[in-house]
Every structure is written in C-alpha cells, then in structure tokens.
Participant: 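Before anything else, here's the structure in question.
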Amino acid sequence: MSRLRPLARIPWCRRPLLQANRRYVTSQSPQAAVEAYNQSLPPGWEDEAPALSDFSELPHKDFGKNQLIETNEEFKRSLRGILKQFPPITYAFAYGSGVFPQSDATASRITHSPHPNPPEAILKWQKGGGKMIDFVFTTRFSQHFHSLNLREHRDHYSFLGKLGSGVVSHVQDRYGAGVYFNPYITVNGTMIKYAVVNFETLHRDLTNWDTLYLAGRLHKPVKILFEEPNIRVANQRNLLSAVRCSLLLLPQSFTEKELYSTITGLSYQGDPRMTYGSENPKKIDNIVTHQIRNFRLLYHDLIMSLPNISYVDETAISKPDWMDDTALDLKLNQDMDVERRANMVRRLPKSFREKVYFLYQRKFAIPGREFQEMLEASKDEDAKGGLKKQVGGAFDRRIAAEKDLPVMVTKAINQTVHWPSTVQSAKGILSAGPFRAWQYLQEKREKGKMKS
C-alpha cells in the first residue's frame, strides 16, 4: 500500500489558480457566476457512481476544490510533517479549534500550552495560545495500519495494544461509528489526538449518512492534508446533502449564518456530549461566527448550483472580496414548492432518507408489505448496479407536503447520531485508557461550562 501524494504534488490541484478563479467568478454578474459554478459541478454528476483511480477522472478539473480550505504554507507543512511519522495513509484531514479558531484570538490564549515543543509555525497559527490538534487518518486496511503503528508507537495505545492489531481493529470497526481514537499523543513536539477509520467506513458515511459521525465533521471547514478522488466526490455529495437537509429544516427566508448554523448543528443533534454538558453550549455559534469566510468558500459553489435557493441581493455576491466581509450576513430565499422539496427528500443520503421514510410510514400507517415495495422502488441503484436519476416520487411529494417535515427530519437526525455517538464515547474508555479518557472528558466538561 502506497501513501497518497500530498496535494502540493498533484499537478492540477493549484491553490493559486483556485483563489484566482474564485475571485474572478465572484466579480462577475450573478448569471455569469452561476454558469461558472455549474462548469465545476456538471449536470448529472450526482447520478453517477464513480470508481476513480486518479484525480484526472473527476467530473471536472475544478470539481470539489471548494473543499480545499487554505492555511499558510508553514502550518500546512508542519501538519504534514506530523503525518509522516505514521504508516501510509490514504486520506487525512485536521479539524477543530486547533486548526480553525472557534473564538477570538485573545480569548483563545491559555496560560499553559499543551504542546511540549511545537514548530514555530504551529505557535504562530494558533496565536501563541496552543490547542491540541485533531486528525482523522483514513486507511484501506485498518489492521495493517495498526500493526505497523503498534510497532512504531506502542505508547500511543491503551492496554488494548497489548492484545494486538486484530483486537484493536475489531474494536475500531465493530463498535460505535467505526473510529479508533488515540488522544494526548505528542508528535514532533505537538500534542495531537488522532482517529483511525477504514476507507469504506468513511466513504459509506459520506454517501449514506450511516452515523453522521465523520460526515458531520466534514460539514465544517477542515484542513485536508492527503486526498483521494473517490472521497472528494463522496464528500461533495455529503456537503450538498447537508445543504438540502438544512433547507428542509429552515423557513422560506433565512440568513447565511442561519443556514451554516443549521448545517453545523446537524451532527450535534442527539450527540450525548451536547446533552450532558461536555461541549460549550455556544459551540455552533462560535464555529460559524469565527469561520464565516471558510463556510462561504466551502458552500457557496453548492448554493449557486441548486435551482431552489438564491441570494436576495444577488449584486452583493458580484462584488470582489465579498467573502472576506465577516460582518456581512446575506439573506437567502428557498422555493417551498412541494415538487422541489420532494426532490430534496429523494436526494437525501440513502440510510438517512430511509429513516425519514420509516417515520412517515408509522404516521401514515402504511402496511409493511406496501412500504417494502415503496422502498424497493426508491432504491438508488438500478438493475445493472448504476445509480438511477433521483427524482421525487409520490411518497416523497406526500412527505414534502407535510407541515411537520422539519420535526420528522430532526427526529431522523437524532436517530442517526445518538447511538453511534454514545457507543463511540463509551469506546473511548477502551481505546484511550481510563486515565486519558477521564482527562479528555474533564476538559470537555470545562469547555461546556464556558459561556462563550
């Protein structure tokens, strides 16, 4: 298994070009902007099930570049330097407040940095305060990764490491959300927490929303460090699904921040950490307020590609550098037509959509056999294994016409998130060990007591 080349070595992933293109597009007329965005999101891309071997096979050369949130080069090199200390990784990203701020710079300063001897670039990026940096490592073969990692870094593991890579990978894959965390690890003088996940588990969650545990993390701005073309496509589906799901929860008119707060909050619905005070109660507002520019970079292309959502003041987005104006909170409207909303219901991720269907089966008292026939008819796959064009049917239209749709969607989110997150939290006692698990819980509770 070979390590995927970093972004900087992929010829067509040119960050300067990405920024230049984005500034060019946002300085054009609204119609020209829509046409430019649609070029990178070609018609029908969602209705294909690609098995890509290279980035050149993406639907468009700029496809998914909205996911490549920028940091400075020195910080990026420091993060990649940390990854070089681990076995081969297929896809990796860094996330959380240690990468992108969730509070004012002055408020984030702490008296004692968790990093013993970090690179200067990390100290500068974190503005001197210092926070543990969170990573997700995706690997094709979990047991092989853990076998190599145990050989090099036995001290990263709890007592489970003594039982071998087979037991570690079994605990990872079979319980909770399929993720194995090692917290409070020092690499290159930097305190990190890293999660290991199997490639198929990540891909499935991005595509189907099995647990929203990983898909939800990628709903927010993250720093992607190693890429894989199939994950880029799957994550673009995930981001677009987050917009559609949020639209089903929002009224006809809303603001940018309301949209991004709804997206951010999807994976926190039903999360026991929010219920039992292990997270800052203002976490969602803090994330959106302090990362509004990155949210625009991540989602604006997708918003422009959808036919049922538009900015009220389209001239505002034609101004150069409007994305940099953090005081701006543009208003948007969505089309509440039943047909359009039915199409959004139909295009929800498969596992999640079926939960919504089951809720309405109970409400409408649809007999089991009839309901199973409806599910069969609404399958994403055709007889040849390809993807069918996802257009809302009679059942989707009936659902879309219901006034309690936001309530039902919220229930489906809770059903998706609660159990995997609960088991994953309990699994932390095994994977991290009792001491580190308790330390992590206490730190989370301290954050939960914060007012802002």
Side-chain angles (χ1 to χ4, degrees), residues 3-10 13 15 18 55 63-73 75-102 121-122 125-126 131-140 142 145 149 172 177-183 185 187-188 190-207 209 211-239 242 263-264 266-267 287 291 294-295 297-299 424:
R3 186 190 292 270
L4 188 72
R5 291 177 297 169
L7 296 179
R9 298 181 187 174
I10 300 171
C13 285
R15 297 294 180 86
L18 169 65
F55 284 92
F63 182 88
K65 284 188 175 180
N66 54 301
Q67 301 172 27
L68 309 182
I69 305 298
E70 295 180 347
T71 61
N72 66 43
E73 280 296 315
F75 182 65
K76 181 176 69 177
R77 280 198 296 268
S78 294
L79 296 181
R80 286 193 176 147
I82 290 172
L83 300 193
K84 289 177 182 178
Q85 307 304 314
F86 291 91
I89 296 164
T90 302
Y91 179 88
F93 63 90
Y95 68 99
S97 58
V99 180
F100 295 113
Q102 296 177 9
I122 289 179
W125 182 258
Q126 294 190 338
K131 291 189 175 183
M132 184 164 63
I133 298 177
D134 298 340
F135 292 89
V136 170
F137 301 161
T138 305
T139 178
R140 296 277 184 180
S142 299
F145 175 90
N149 204 39
Q172 172 188 312
V179 181
Y180 192 98
F181 280 101
N182 281 329
I185 306 299
V187 180
N188 291 356
T190 306
M191 182 69 74
I192 71 169
K193 176 184 73 179
Y194 67 92
V196 182
V197 61
N198 186 272
F199 178 90
E200 293 300 328
T201 301
L202 173 61
H203 190 274
R204 194 168 56 248
D205 197 37
L206 293 174
T207 306
W209 284 13
T211 67
L212 271 173
Y213 196 85
L214 297 158
R217 279 163 172 74
L218 284 161
H219 287 166
K220 299 173 276 293
V222 303
K223 181 59 185 175
I224 298 173
L225 300 167
F226 288 136
E227 275 221 272
E228 199 282 337
N230 294 284
I231 295 295
R232 185 188 281 197
V233 173
N235 192 36
Q236 200 75 336
R237 292 179 190 274
N238 174 47
L239 296 172
I263 290 172
T264 301
L266 292 177
S267 59
I287 291 172
Q291 297 185 49
N294 287 337
F295 273 100
L297 294 172
L298 189 59
Y299 284 104
Q424 191 67 47

Participant: Can you find a heavy atom in the side chain of Leu68 that is under 4.5 Å from one in the side chain of Arg232?
Facilitator: yes

Participant: Are Lys220 and Ile287 packed together at the side-chain level, in the sense that at least one heavy-atom pair is separated by less than 4.5 angstrom?
Facilitator: yes

Participant: Under 3.5 Å, is there a donor-acceptor pair between the Thr90 and Glu228 side chains?
Facilitator: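 Per modelled atom types, Thr90 and Glu228 side chains form no pair under 3.5 Å.
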
Participant: Apply side chain to side chain donor-acceptor pair (under 3.5 Å) to Glu200 and Asn198, showing your working.
Facilitator: CA-CA 6 Å; Glu200 293 300 328; Asn198 186 272; over 6 Å; no

Participant: Keeping the roles fixed (side chain from Asn66, backbone from Tyr299), state whether a donor-acceptor pair exists under 3.5 Å.
Facilitator: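 Flag not set: sc Asn66 to bb Tyr299 has no pair under 3.5 Å.
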
Participant: Which atoms form the tightest heavy-atom contact between Pro87 and Asn149, and what is the distance?
Facilitator: CD-OD1, 3.5 Å

Participant: Report the relative orientation of the aromatic rings in Phe75 and Trp125; use parallel for angles under 30°, tilted for 30 to 60°, perpendicular for over 60°.
Facilitator: parallel

Participant: For the backbone of Met132 and the side chain of Lys193, can you confirm whether one donor and one acceptor N or O come within less than 3.5 Å of each other?
Facilitator: no

Participant: For the residue pair Phe199 and Asn230, what are the closest heavy atoms and their distance?
Facilitator: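 Of all heavy-atom pairs spanning Phe199 and Asn230, the closest is CZ-CB, 4.3 Å.
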
Participant: Answer yes or no: is there a donor N or O on one side and an acceptor on the other, between the side chain of Asn182 and the main chain of Tyr194, under 3.5 Å?
Facilitator: no

Participant: For Phe135, what residues pass the ring pair (Phe, Tyr, Trp, His ring centres under 6.0 Å) criterion, not counting sequence neighbours?
Facilitator: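 Phe135 satisfies ring pair (Phe, Tyr, Trp, His ring centres under 6.0 Å) with Phe137 once adjacent residues are dropped.
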
Participant: What's the spacing between Asp205 CG and Leu214 CG if we round to 0.5 Å?
Facilitator: 5.5 Å

Participant: Can you tell me how far the CG atom of Leu206 sits from the CG atom of Leu212, to the nearest 0.5 Å?
Facilitator: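 Rounded to the nearest 0.5 Å, the CG-CG separation comes to 10.0 Å.
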
Participant: Which atom pair, heavy atoms only, marks the closest approach of Ile224 to Gln67?
Facilitator: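 Minimum heavy-atom contact is CD1-O, 3.7 Å.
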
Participant: Side-chain donor-acceptor pair under 3.5 Å between Asn238 and His219, yes or no?
Facilitator: yes

Participant: Within a strict 4.5 Å, meaning less than it, do heavy atoms of the Ile69 and Leu297 side chains meet?
Facilitator: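 In contact.
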
Participant: Measuring only between side-chain heavy atoms, which start at C-beta, is Tyr91 closer than 4.5 Å to Val136?
Facilitator: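 Answer no - side chains too far apart.
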
Participant: Counting N and O atoms only, with roles assigned by atom type, does the side chain of Gln126 sit under 3.5 Å from a partner on the main chain of Lys131, one being a donor and the other an acceptor?
Facilitator: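 Yes, Gln126 side chain to Lys131 backbone: donor-acceptor pair under 3.5 Å.
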
Participant: Taking side chain as C-beta onward, heavy atoms only, is Thr207 less than 4.5 Å from His203?
Facilitator: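 Yes, at least one pair of side-chain atoms sits under 4.5 Å.
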
Participant: Are Phe181 and Val196 side-chain neighbours, meaning at least one heavy-atom pair lies under 4.5 Å?
Facilitator: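 They are not in side-chain contact.
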
Participant: State, with a plain yes or no, whether a side-chain heavy atom of Met191 is found less than 4.5 Å away from one of Ile133.
Facilitator: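 Answer no - side chains too far apart.
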
Participant: Specify the closest pair of heavy atoms between Lys223 and Phe100, including all atoms of both residues, with the distance to one decimal.
Facilitator: N-CE1, 3.7 Å

Participant: Within this structure, what is the CD-CG distance for the pair Gln236 and Leu218, rounded to the nearest 0.5 Å?
Facilitator: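 The CD atom of Gln236 sits 11.5 Å away from the CG atom of Leu218.
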
Participant: Between Gln85 (side chain only) and Val187 (backbone N and O only), is there a donor and an acceptor less than 3.5 Å apart?
Facilitator: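 Pair absent, no side-chain N/O of Gln85 close to backbone of Val187.
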
Participant: Can you name the ring pair (Phe, Tyr, Trp, His ring centres under 6.0 Å) partners of Tyr95, sequence neighbours left out?
Facilitator: Phe93

Participant: Show your working on salt bridge (Lys or Arg N to Asp or Glu O under 4.0 Å) between Arg80 and Glu73 and close with a plain yes or no.
Facilitator: CA-CA 10 Å; Arg80 286 193 176 147; Glu73 280 296 315; over 6 Å; no

Participant: Regarding Arg217 and the six-membered ring of Tyr213, is the cationic atom NZ or CZ under 6.0 Å from the ring centre and inside 45° of its axis?
Facilitator: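 Output yes; distance and angle both within limits.
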
Participant: Could you check whether any side-chain N or O of Asp134 sits under 3.5 Å from a backbone N or O of Gly96, counting only pairs where one atom can act as donor and the other as acceptor?
Facilitator: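 Not confirmed, Asp134 side chain does not pair with Gly96 backbone.
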
Participant: Minimum heavy-atom separation for Ala94 and Val99, please, with both atom names.
Facilitator: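 Between these two residues, the closest heavy atoms are CB-CG2, 3.6 Å.
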
Participant: Over all heavy atoms of both residues, which pair between Asn188 and Ile82 is shortest? Give the atoms and the distance, please.
Facilitator: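 For Asn188 versus Ile82, the nearest heavy atoms are ND2-N, 3.7 Å.
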
Participant: Any donor and acceptor pair, going by atom type alone, linking the side chain of Thr201 with main-chain N or O of Val197 inside 3.5 Å?
Facilitator: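 Absent.
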
